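Just so it is clear, the structure is predicted and the values come from calculations on it, not from any experiment. In what follows, every chain begins at residue 1, and chains take the letters A, B, ... in the order their sequences are listed.
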There are 2 protein chains.
Amino acid sequence: MNSNEELKNLLDFDLLSKLVVGIGEVSEITGVPTRQIRYWEEKGIIHSSQEAEGTTRKYDYLNVKKIILVKELLDDGYTLDAAAKKVGDRMKLINEAFAKLAQRSE
Amino acid sequence: MNSNEELKNLLDFDLLSKLVVGIGEVSEITGVPTRQIRYWEEKGIIHSSQEAEGTTRKYDYLNVKKIILVKELLDDGYTLDAAAKKVGDRMKLINEAFAKLAQRSE
DNA sequence: CATCGATTGTAATTAAGTTGCAATCTCAGA
DNA sequence: TCTGAGATTGCAACTTAATTACAATCGATG
């Protein structure tokens with residue numbers, strides 16, 4: 001049994017993907033003000049799942065992770081666009097790894 | 001490098017533990033009506049993190065997992081109390097495994 | 001000092017969640 | 001069939017959380 005299988009037994013990836021939190025929670029977790037999160041979203045850097053206009057935005061694990069990474073780079077002196085690009089590249093890898101793990105859990 | 005270390009590199013357990021969702025979300029995920037979730041909580045079977053009276057309940061991964069398991073047993077014919085006990089035992093193991101994984105991530 | 005990127009403030013509105021009280025539903029046993 | 005305990009549900013009145021739109025601010029750079 002390889003490590004991924006062990007992992008799948010412990011962690012329910014299907015559930016993980018459904019754990020979507022509100023913007024207030026994201027703000028508390030990341031330290032980024034809600035206003036700023038919405039701004040990044042306006043700019044197309046973050047993509048929450050918002051069913052329709054006027055309904056509340058929801059953020060999954062990967063969304064929150066991305067916000068954390070962007071914030072780290074901003075704090076480090078990057079411009080928003082540069083940070084977004086850099087994080088985008090890294091998120092690709094994380095997304096792929098997750099996709100693999102989530103595969104057989106359906 | 002063992003599987004747990006690989007896992008830690010991929011999954012941010014600190015973040016996972018902070019992903020707490022509202023009761024409406026839990027209801028959608030699990031198929032258990034919000035009213036019923038509150039009832040189970042009243043009975044002491046579920047323990048959401050509710051800062052104070054009147055504020056909204058929040059449920060983390062393990063809470064939601066527990067609700068899913070309880071529901072499965074109920075659907076299978078168990079009484080609520082019996083299901084709660086059975087699930088409680090299983091959650092102990094899951095909790096321990098998570099505690100181990102969450103350790104060095106701080 | 002004007003411009004641009006980045007962020008922030010706020011009012012008015014809607015969505016989501018809370019409690020408490022009471023009603024209902026199920027079903028095993030007298 | 002009646003009944004009582006366990007389990008669930010309905011709902012009104014209320015509070016908290018989140019939404020949008022418009023405008024203001026703030027710092028760095030040419």
Qualifying ring pair (Phe, Tyr, Trp, His ring centres under 6.0 Å) pairs, either residue in residues 65-99 of chain B, two or more places apart: B:F13-B:F98, B:Y61-B:F98

Using the 3.5 Å cut-off, write out each protein N or O paired with an N or O of nucleotides 27-30 of chain C and the distance between them.
none

Residue-phosphate contact under 4.0 Å: B:W40 side-chain N/O, D:dA7 OP1/OP2: no

Single-linkage hydrophobic cluster A:V20~A:W40, side-chain heavy atoms < 4.5 angstrom: no

Shortest side-chain distance from B:P33, nucleotide among C:dT8, C:dT18, D:dT9: D:dT9

Nucleic acid contacts of residues 78-87 of chain B, taken as heavy-atom distances under 4.0 Å to DNA chain D: B:T79, B:L80, B:D81

Lys/Arg N to Asp/Glu carboxylate O, B:K18 vs B:D14, below 4.0 Å: yes

Salt bridge (Lys or Arg N to Asp or Glu O under 4.0 Å) contacts touching residues 31-47 of chain A (sequence neighbours left out): A:E41-A:R57

Earlier contact from the 5' end, DNA chain C, for A:L74 and B:T34: A:L74

What N/O pairs connect the protein and nucleotides 22-30 of chain D at under 3.5 Å? Give each pair on its own line.
| from | atom 1 | to | atom 2 | distance (Å) |
| --- | --- | --- | --- | --- |
| D:dC22 | N4 | A:R35 | NH2 | 3.2 |

N/O (side chain, A:Q36) to phosphate O (OP1/OP2, C:dT8) under 4.0 Å: yes

DNA chain C-proximal residues of residues 53-69 of chain B, any heavy atom under 4.0 Å: B:G54, B:T55, B:T56, B:R57

Side-chain N or O of B:Q50 closer than 4.0 Å to phosphate OP1/OP2 of D:dT16: no

